[in-house]
There are 2 protein chains.
Amino acid sequence: MNIGEAAKISGVTPKLIRHYESIGIIPKATRSVSGYRTYSAADVHILSFVKRSRTLGFSMKEIKKLVSLWRNKSRASLDVKNMALAHIDDMEKKIADLQEMVKTLKHLSKNCHGDNRPDCPILNDLAQPL
Amino acid sequence: MNIGEAAKISGVTPKLIRHYESIGIIPKATRSVSGYRTYSAADVHILSFVKRSRTLGFSMKEIKKLVSLWRNKSRASLDVKNMALAHIDDMEKKIADLQEMVKTLKHLSKNCHGDNRPDCPILNDLAQPL
DNA sequence: TATTGACCTTCCCATGATGGTAAGGAGTAA
DNA sequence: TTACTCCTTACCATCATGGGAAGGTCAATA
């Protein structure tokens with residue numbers, strides 16, 4: 001099948017499929033006589049794997065490793081688990097950061113009249129040297 | 001003062017100060033005879049404002065608006081509050097997304113032996129067409 | 001057969017916020 | 001004068017993705 005159909009099935013746009021190929025996430029596609037990329041069901045499976053990994057927030061660098069682990073039948077599940085745990089850690093840090101910001105902003109917003117008057121605790125906070 | 005000192009006081013690197021100037025977040029700095037940027041306490045105050053706004057997760061686009069509201073003495077606090085509330089919404093969406101990913105990955109990790117064996121529920125999930 | 005329209009190709013540029021580096025000028029102190 | 005630190009601009013990199021241009025291919029239809 002051509003890149004368009006592979007894109008529809010995998011949920012990865014043609015644009016991104018080419019990009020993934022260029023940075024070595026996926027193997028180089030075979031080509032038709034006229035130069036079109038051609039994909040097998042196995043190729044589409046890799047693309048779906050990448051898509052799902054992105055959905056779970058893994059970076060392309062991590063996904064590159066995940067794909068190679070997936071294709072290596074003698075992998076140790078420990079390696080995969082460690083990647084997952086590290087990624088969970090990263091995300092939990094991000095969540096904590098965001099929650100802190102939300103907390104602060106909610107507090108400031110609560111004290112802001114939110115009317116025509118210029119006085120505003122939010123701006124006062126921002127203008128305060130940290 | 002020169003850009004280096006303004007950077008130390010405000011916590012914004014010289015690199016970023018120049019960048020902020022170039023994209024119009026802060027007014028163009030006055031220059032010394034030899035071309036060095038010079039900053040007043042008021043200029044540094046703007047930089048601190050930007051820094052604090054970044055700390056609260058606002059985008060540069062939003063900060064541009066916040067700065068202009070801050071400097072507009074006849075602003076309506078409603079405008080500021082609405083920006084804050086919209087930003088809170090954005091962040092809460094991001095938090096929810098991250099929490100969903102964490103939840104899924106934690107579940108998968110719990111079921112992964114994490115040893116020398118290749119069998120791995122995490123990879124099985126990733127390989128599953130969504 | 002000629003044309004059309006949908007698909008494919010490569011190449012370059014843009015995003016957003018930040019960092020790095022290189023090449024060169026300015027300021028100051030020994 | 002040398003040496004060192006600071007400043008200047010300009011370009012490139014990151015990360016994942018999207019947009020668009022210019023041109024080739026394929027299949028169906030007029």
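Below, all heavy atoms of this structure are taken into account, side chains as well, without hydrogens, waters or symmetry copies. By convention in this document, chain letters (A, B, ...) are assigned in the order of the sequence lines, proteins followed by strands, and residues within each chain are numbered from 1.
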Can you name the atoms? Protein N/O to nucleotides 19-22 of chain D N/O, anything below 3.5 Å, with the distance.
unit_1, atom_1, unit_2, atom_2, d
D:dG19, N7, A:Lys15, NZ, 3.0
D:dG19, O6, A:Lys15, NZ, 2.4
D:dG20, O6, A:Lys15, NZ, 2.3

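- A distance of 7.0 Å separates CG of B:Leu66 from CD of B:Glu62, quoted to the nearest 0.5 Å.
- Looking at residues 26-41 of chain A, you'll see A:Ser34, A:Tyr36 sit with a heavy atom under 4.0 Å from some atom of DNA chain D.
- Taking 4.0 angstrom as the limit, B:Arg18 places none of its side-chain polar atoms (N or O) nearer than this to OP1 or OP2 of D:dA10.
- Put simply, A:Tyr20 has a side-chain N or O that comes within less than 4.0 Å of OP1 or OP2 on D:dT17.
- No hydrogens or angles considered: nothing links the side chains of A:Ser32 and A:Thr38 as a donor-acceptor pair under 3.5 Å.
- A continuous path of ILVMFWY side-chain contacts below 4.5 Å connects B:Val102 to A:Met101, so both sit in one hydrophobic cluster.
- Following chains of ILVMFWY side-chain contacts shorter than 4.5 Å, one cannot reach A:Leu123 starting from B:Leu78, and the two form parts of different hydrophobic clusters.
- A distance of 5.5 Å separates OH of A:Tyr39 from CD1 of A:Ile17, quoted to the nearest 0.5 Å.
- Minimum heavy-atom separation, B:Arg75 to B:Trp70: NH1-O, 2.9 Å.
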Task: Worked verdict on B:Asn124 versus B:Asp119 for side chain to side chain contact (heavy atoms under 4.5 Å, CB included) - done: CA-CA 8 Å; B:Asn124 288 346; B:Asp119 186 50; 4.1 Å; yes
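- The phosphate of D:dG18 (OP1 or OP2) has a side-chain N or O of A:Thr13 nearer than 4.0 angstrom.
- As a whole-Å value, the separation of B:Leu16 CG from C:dT18 C1' is 6 Å.
- Atom CD1 in B:Ile17 sits about 14 Å away from atom C1' in C:dT18, given to the nearest Å.
- Atom CD1 of residue A:Ile63 and atom NZ of residue A:Lys61 lie 13.5 Å apart, to the nearest 0.5 angstrom.
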